[in-house]
2 protein chains.
Amino acid sequence: MSGDALILAQDRFIAVWGQMSGAWGISRTMAEVHALLYITGQALCTDDIMERLQISRGNASMSIRSLLDWGIVERAHKRGDRKEYFRAEQDVWALFRAIVRERIAREVDPLLASLHEIRDMTPTDRARRGEAIPESQKHAADEHNKRLDDMLQFFQVLEKLGNRFVSPAGRGLQLAATLLTKMDVGGARP
Amino acid sequence: MSGDALILAQDRFIAVWGQMSGAWGISRTMAEVHALLYITGQALCTDDIMERLQISRGNASMSIRSLLDWGIVERAHKRGDRKEYFRAEQDVWALFRAIVRERIAREVDPLLASLHEIRDMTPTDRARRGEAIPESQKHAADEHNKRLDDMLQFFQVLEKLGNRFVSPAGRGLQLAATLLTKMDVGGARP
DNA sequence: CTCATCTTTCAGAATATTCTGAAAGTTAGT
DNA sequence: ACTAACTTTCAGAATATTCTGAAAGATGAG
C-alpha cells in the first residue's frame with residue numbers, strides 16, 4: 001500500500017508544479033520534468049522520464065536541454081552505462097537563485113537596454129534649449145521622460161537586488177529574508 | 001518634428017512592454033494596453049485604445065477588464081461624456097506592489113495549499129510507528145517528505161516577504177530595497 | 001418607456017505554442 | 001573503421017491561446 005501513496009504524492013506534485021509553468025514563462029513539460037527529478041531526488045535517464053510522464057523522446061530531450069540551460073538540472077553518469085542521467089538541484093534556495101539569475105539575464109537586462117534606448121529617443125529639457133517648440137509639447141515630453149526614468153530606476157533597483165541575492169554573498173540576503181519574515185515589524189505599533 | 005518623436009518613443013515602449021508579457025504570464029494585448037495608458041499618462045476610452053493599438057472592441061474590453069481586476073488601471077469619467085475612460089497607476093512602486101499582491105493571491109497561495117495537501121498524502125515518521133513497512137520504503141518516504149517541507153518553507157518565506165512588501169508598512173521595505181542596492185556590502189572585503 | 005449610446009460576451013477564426021516521431025547526428029567500444 | 005547505443009533535430013500534427021466582430025446586455029437621458 002505505502003508504495004502507491006508515494007507514487008501518488010509524486011504524481012500530484014508533478015501536476016501542481018506543471019500548472020505553475022504558465023505563470024513562470026516556461027513550458028508545462030519542462031516544469032513537469034523538473035518536478036519529477038526534484039521530487040524523486042534520483043538521477044533518471046531520458047527513457048525513465050519518457051515513460052513516467054508519457055511524453056515523446058523529442059519532447060523529453062528538449063525539456064531536459066532547457067533545464068540544463070537554466071542550470072537547475074545537471075548531468076550524471078553511472079559507471080558501466082552509456083546513458084546520460086539527470087539530477088535536479090536539491091537545495092531549494094540554490095534552485096531559486098538560479099532562476100533569479102536567468103530571469104535577470106533573459107528579461108531584466110534586455111528590458112533595461114530597451115528602456116535606455118527609448119529614453120534617448122526624446123530630447124531632455126536641457127538638450128532642447130533654444131529650439132522653438134510649443135510649451136505644451138515640451139511639457140508632454142518632460143512628463144514622458146519622467147515616466148521612463150521612474151520605470152528605469154525601478155528596474156535598476158530590481159536588477160541590483162537580484163544580483164545581490166544571486167551572488168556568493170547572497171546567502172546573507174537569504175538569511176535576511178528569512179529573518180525578516182520572522183521578525184514582527186508590524187505596521188500598527190507605538 | 002518633435003511630436004513624431006514622442007509618438008515613436010511611445011510606440012517603442014508599448015512594443016517592449018508587450019514583449020515582456022509572456023514572461024509575466026499575461027497576454028500581449030493586456031500588457032500593450034497597460035503600456036499605452038502608463039506611457040501617455042492620460043485617461044483614454046475604449047475607442048482611443050482600439051485605434052491606437054489596432055485591436056478589436058472585444059479584445060480591448062477584455063484586456064481593460066483584466067487590468068482593472070489586477071488593480072493597476074482605474075476607471076475615470078469626464079463630465080458631459082457617457083464614455084468610460086481608463087487611467088494607469090502612475091506610481092511605479094505602487095504598480096509593482098499591486099502585481100505582487102495579485103501574484104501571491106493567484107499563484108503562491110494556491111500552491112501552498114496544494115503542497116500542504118500533498119504533504120498529507122504520505123505518513124510522517126512519527127505517525128508510522130508499529131506498521132510493518134520495509135526500511136527502504138520508510139527511507140524513501142522520509143526523503144520525499146523532507147523535499148516537500150523544504151519547498152513549503154521556501155514559499156512560506158516568499159509569501160510573508162511579499163505580503164510585507166505589499167502591506168501599508170511595505171513602503172519601508174521599498175526604502176530598504178533601494179538602500180540595499182546603494183550600500184556597498186560587497187563580498188570581498190576585510 | 002423608448003431610444004441612443006456605450007459595454008460585455010462568446011462562438012468561431014486566426015495565431016502561436018508545444019509535441020511527436022522518424023531521420024540525422026554523435027560517441028564509445030571493439 | 002564499423003557498429004550499436006544513445007542523443008538531438010525538426011517538419012508537420014496536435015493543442016492551446018488569443019482575437020474578432022456581431023449580437024446581446026446595460027445604462028442614462030428625455
Side-chain angles (χ1 to χ4, degrees), chain A residues 14-37 42-70 73-87 106-107, chain B residues 14-37 42-70 73-87 106-107:
Chain A
I14 292 165
V16 166
W17 209 234
Q19 307 222 287
M20 292 285 291
S21 61
W24 287 86
I26 64 174
S27 88
R28 164 168 307 243
T29 307
M30 190 178 153
E32 287 182 349
V33 171
H34 176 259
L36 173 61
L37 292 174
Q42 289 178 306
L44 304 180
C45 70
T46 305
D47 293 84
D48 295 335
I49 295 169
M50 287 167 60
E51 181 169 344
R52 180 71 183 265
L53 300 181
Q54 293 292 324
I55 59 176
S56 71
R57 186 169 300 282
N59 194 4
S61 175
M62 285 176 132
S63 297
I64 291 166
R65 143 84 72 139
S66 299
L67 290 168
L68 290 169
D69 287 347
W70 276 73
V73 159
E74 58 180 22
R75 294 174 204 276
H77 292 278
K78 299 194 173 176
R79 53 193 154 74
D81 190 339
R82 261 181 69 188
K83 279 204 284 292
E84 289 201 294
Y85 288 75
F86 304 94
R87 184 198 322 280
R106 289 167 195 230
E107 289 149 36
Chain B
I14 292 165
V16 165
W17 209 234
Q19 307 221 288
M20 290 286 291
S21 61
W24 287 85
I26 64 174
S27 88
R28 164 168 308 241
T29 306
M30 190 177 152
E32 287 182 348
V33 172
H34 175 259
L36 173 62
L37 292 173
Q42 290 179 305
L44 304 179
C45 68
T46 306
D47 293 84
D48 296 334
I49 294 169
M50 287 168 59
E51 181 169 344
R52 180 74 184 263
L53 300 181
Q54 293 293 323
I55 59 176
S56 71
R57 186 170 299 282
N59 195 3
S61 175
M62 284 177 132
S63 297
I64 291 166
R65 143 84 71 137
S66 298
L67 290 168
L68 290 169
D69 287 347
W70 275 74
V73 158
E74 57 180 22
R75 293 175 205 276
H77 293 279
K78 299 193 173 178
R79 55 192 151 74
D81 191 340
R82 260 181 70 188
K83 280 204 284 293
E84 288 200 296
Y85 287 76
F86 304 94
R87 183 198 322 280
R106 291 166 194 231
E107 290 149 36

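All values below come from the heavy atoms of this structure, side chains included, with hydrogens, waters and symmetry mates left out. First the proteins, then the strands, lettered A, B, ... as listed; each starts at 1.
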Atom CG of B/L67 and atom P of C/dT7 are separated, to the nearest Å, by 16 Å

Rounded to whole Å, CG of A/L44 lies from P of D/dC6 at a distance of 16 Å

The nucleotide from C/dC10, D/dT7, D/dC10 with an atom nearest the side chain of B/M62 is C/dC10

Of D/dG21, C/dC19, D/dG28, the nucleotide closest to the side chain of B/R82 is D/dG28

* For A/E84 and A/H77, what are the C-alpha separation, side-chain angles and deciding distance, and is it a side chain to side chain contact (heavy atoms under 4.5 Å, CB included)? -> CA-CA 6 Å; A/E84 289 201 294; A/H77 292 278; 3.7 Å; yes

From CZ of A/R57 across to C1' of C/dT18 the rounded distance in Å is 19 Å

Separation of C/dT18 atom C1' from A/N59 atom CG, nearest Å, is 7 Å

When rounded to whole Å, the CD1 to P distance for the pair B/I64 and C/dC6 reads 14 Å

Among C/dG21, C/dT18, D/dT18, the one nearest any side-chain atom of A/S27 is C/dT18

Can you confirm whether B/W70 sits close enough to B/H34 that some side-chain heavy atom of one is under 4.5 Å from a side-chain heavy atom of the other?
no

Atom CD of A/E84 and atom P of C/dT26 are separated, to the nearest Å, by 15 Å

* Would you say a side-chain N or O of B/R65 is under 4.0 Å from OP1 or OP2 of C/dT9? -> yes

Is the shortest side-chain N/O distance from B/T29 to OP1 or OP2 of D/dC19 below 4.0 Å? yes

Rounded to whole Å, the CZ-P distance (A/R28 to C/dT20) equals 13 Å

Separation of C/dA4 atom P from B/K83 atom NZ, nearest Å, is 17 Å

From the list B/T29, B/I26, B/I49, side-chain contact (heavy atoms from CB on, under 4.5 Å) with B/S63 holds only for B/T29

Do the side chains of B/T46 and B/R57 get nearer than 4.5 Å, heavy atoms only? yes

- prompt: Does B/R52 CZ have over 12 foreign heavy atoms under 6.0 Å away?
  reply: yes

### Query
Does a nitrogen or oxygen in the side chain of A/S61 sit under 4.0 Å from OP1 or OP2 of D/dT9?
no

